[in-house]
Amino acid sequence: MPFTDGAPDEDALADAGAFELEAYGPGQNCNATYDLEPGTYTLFCIVEAPDGETHYEKGMRGTLTVR
Ligand SMILES: [Cu+2]
């Protein structure tokens with residue numbers, strides 16, 4: 001994962017083809033549609049919590065498989 005000392009390495013993310021989704025608040029649902037090629041995608045949140053850790057570090061991440 002392109003993180004350095006907990007902070008996202010935005011250049012490495014861009015080089016890896018990362019793109020940003022709209023932010024959603026607690027309890028909200030994502031109703032957007034994305035045109036993705038089949039494959040495995042890593043989802044993670046880089047919002048920084050009040051304690052300085054990113055949500056990624058707190059476990060806000062997952063995998064999406066498009067078939
Ligand atoms: Cu988050």
Side-chain angles (χ1 to χ4, degrees):
M1 189 57 60
F3 282 78
T4 303
D5 295 330
D9 181 337
E10 295 194 22
D11 290 337
L13 288 170
D15 289 347
F19 59 95
E20 189 171 344
L21 304 178
E22 183 179 340
Y24 295 90
Q28 292 183 316
N29 295 311
C30 173
N31 294 313
T33 301
Y34 297 95
D35 187 14
L36 300 172
E37 295 294 322
T40 301
Y41 297 83
T42 300
L43 305 173
F44 56 93
C45 179
I46 58 171
V47 168
E48 188 175 308
D51 65 5
E53 281 191 334
T54 61
H55 288 188
Y56 169 82
E57 292 173 283
K58 294 180 177 297
M60 192 174 176
R61 54 188 175 230
T63 301
L64 171 70
T65 301
V66 177
R67 297 174 198 267

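For ligands, and for the atoms within them, numbers begin at 1 and follow the listed sequence.
Taking CD of Glu20 as the start and CG of Leu13 as the end, the distance is 10.0 Å to the nearest 0.5 Å.
Take Glu48 and apply the side-chain contact (heavy atoms from CB on, under 4.5 Å) test, not counting sequence neighbours, and it matches no residue.
One N or O on the side chain of Asp51 and one on the backbone of Glu53 form a donor-acceptor pair closer than 3.5 Å.
Counting heavy atoms from C-beta on, the side chains of Leu36 and Leu64 come closer than 4.5 Å. When side chains are defined from C-beta on, Thr63 does not count as touching Leu43, because their heavy atoms never get closer than 4.5 Å.
Using the six-membered ring where Trp is involved, Tyr56 and Phe44 have ring planes that are perpendicular, over 60° apart on the 30 and 60° scheme.
For the Cu ion (ligand 1), protein N/O/S neighbours under 2.8 Å (waters excluded) are Cys45 SG, His55 ND1, Met60 SD.
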